[in-house]
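Written below as structure tokens is the structure these notes are about.
All figures in this text were calculated on a predicted structure; none of them were measured in a lab. Each ligand, and each atom within it, is numbered from 1 in the order the structure gives.
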Amino acid sequence: MSRTIRIIPKLDDLFCAAAQKIVEIVTCCREEGRTCSVALAGGSTPRRLYQLLTHPPYESKMAWNHLRIFWGDERQVAPDHQDSNFRMAQEAFLSQVPIPSQQVFRIEGELPCDEAAMRYETVLREQFGVMNGDVPRFDLILLGMGADGHTASLFPGTTVIEESNKLVAAVWVEKLQAHRVTITPPVLNAAKDVIFLISGRDKAPALQAVVEGPRDPARYPAQMVQPTDGHVLWLIDFEAACDLSKATSTGPSTS
Ligand code: 6PG
């Protein structure tokens with residue numbers, strides 16, 4: 001795995017950097033004559049990024065019909081619920097850009113979570129042609145991170161962190177008293193590119209532990225994201241980077 005850590009002072013520039021990187025990755029796939037598979041992050045941070053993609057200069061540079069859209073995780077709610085990751089992305093950009101609807105694959109949060117997880121695993125296997133047990137290789141997985149070091153719906157202390165067979169799992173998150181459906185570490189670590197988009201001071205202690213601390217993925221699940229043959233780009237704003245050491249925040253950004 002190789003990683004790049006970019007600390008970007010201004011929030012708007014953080015989203016521009018992410019949008020630019022997404023355009024590059026999608027353009028690369030188009031030039032290779034293939035669709036680009038992207039798993040979206042949920043939560044609140046990526047909303048402004050998704051909105052930005054519908055504006056110049058990104059909107060016209062994106063090969064929208066070359067995109068296949070998936071999700072990294074979903075809450076156990078209907079697609080029109082305010083907490084739905086699908087709804088957030090639909091409102092922020094999917095409803096405003098020419099992506100063929102048959103290329104958008106949402107997690108069915110309205111179903112019982114075990115059923116939703118099983119059905120989404122089938123969708124991934126069919127769409128990536130890996131019915132034989134191989135792991136799908138996403139061109140890009142977008143991720144956020146919680147103040148507790150969780151990413152997608154890999155939460156501290158949950159068994160899904162050690163999942164090595166399933167591609168998609170149902171998770172009970174005690175502290176949220178809620179179920180989630182999430183892609184698993186094997187899928188995360190088969191990706192070609194991963195972008196972490198992190199902003200806000202509340203994320204600083206966990207980010208320091210994840211990036212610089214001893215390996216402890218049970219406590220900081222974001223540490224699980226180490227693509228075997230891929231690259232991780234950390235896009236971090238000043239607030240979230242405030243606990244990082246000088247070496248990390250001013251040193252060579254790529255390792
Ligand atoms: C979700 C996300 C989750 C999110 C983090 C950060 O469904 O909530 O996939 O992993 O990325 O919780 O969330 P914020 O961006 O809202 O801080």
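Under the 4.5 Å side-chain criterion, counting only non-hydrogen atoms from C-beta, V171 is not in contact with D73. Within the 4.5 Å cutoff, the side chain of P221 has heavy atoms near those of the P156 side chain. Inter-residue side-chain proximity for E121 and K166 is flagged as met; some heavy-atom pair is nearer than 4.5 Å. Within the 4.5 Å cutoff, the side chain of V181 has heavy atoms near those of the V168 side chain.
Proximity of A152 to ligand 1 is established by a heavy-atom distance of less than 4.0 Å. The closest approach between any non-hydrogen atom of R75 and ligand 1 is below 4.0 Å.
Scanning the protein for heavy atoms near atom 15 (O) of ligand 1, the closest one is T45 OG1, 2.6 Å. The protein heavy-atom contact nearest to atom 6 (C) of ligand 1 is M145 O, 3.6 Å. With hydrogens left out, the protein atom closest to atom 13 (O) of ligand 1 is G43 CA, 4.0 Å, a heavy atom. Atom 17 (O) of ligand 1 has its closest protein heavy atom at K203 NZ, 2.7 Å. Looking only at heavy atoms of the protein, atom 2 (C) of ligand 1 is closest to D73 OD2, 3.5 Å. Of the protein's non-hydrogen atoms, H150 NE2, 2.7 Å is the one closest to atom 12 (O) of ligand 1.
Proximity of the aromatic rings of F105 and Y120 is defined here by a centroid distance below 6.0 angstrom, and this criterion is not met. Aromatic ring centres of F93 and Y58: separated by at least 6.0 Å.
When every heavy atom of P100 is checked against every heavy atom of W64, the shortest pair comes out as CD-O, 4.4 Å. In plain terms, the two heavy atoms of G72 and A152 that are nearest each other are O-CB, 4.2 Å.
Between S153 and ligand 1, not a single N/O pair is under 3.5 Å apart.
For ligand 1, the atoms lying closer than 4.0 Å to a non-hydrogen atom of G144 are 11 (O). Residue N85 has at least one heavy-atom neighbour below 4.0 Å for each of these atoms of ligand 1: 1 (C), 7 (O). Shown in contact with R180 at under 4.0 Å from a heavy atom are these atoms of ligand 1, numbered in order with element: 1 (C), 7 (O), 8 (O).
When S199, S44, A41 are ranked by how near their heavy atoms come to atom 16 (O) of ligand 1, first place goes to S44.
Considering R34, K192, R68 as possible partners of D139, the one that fulfils the salt bridge (Lys or Arg N to Asp or Glu O under 4.0 Å) test is R34.
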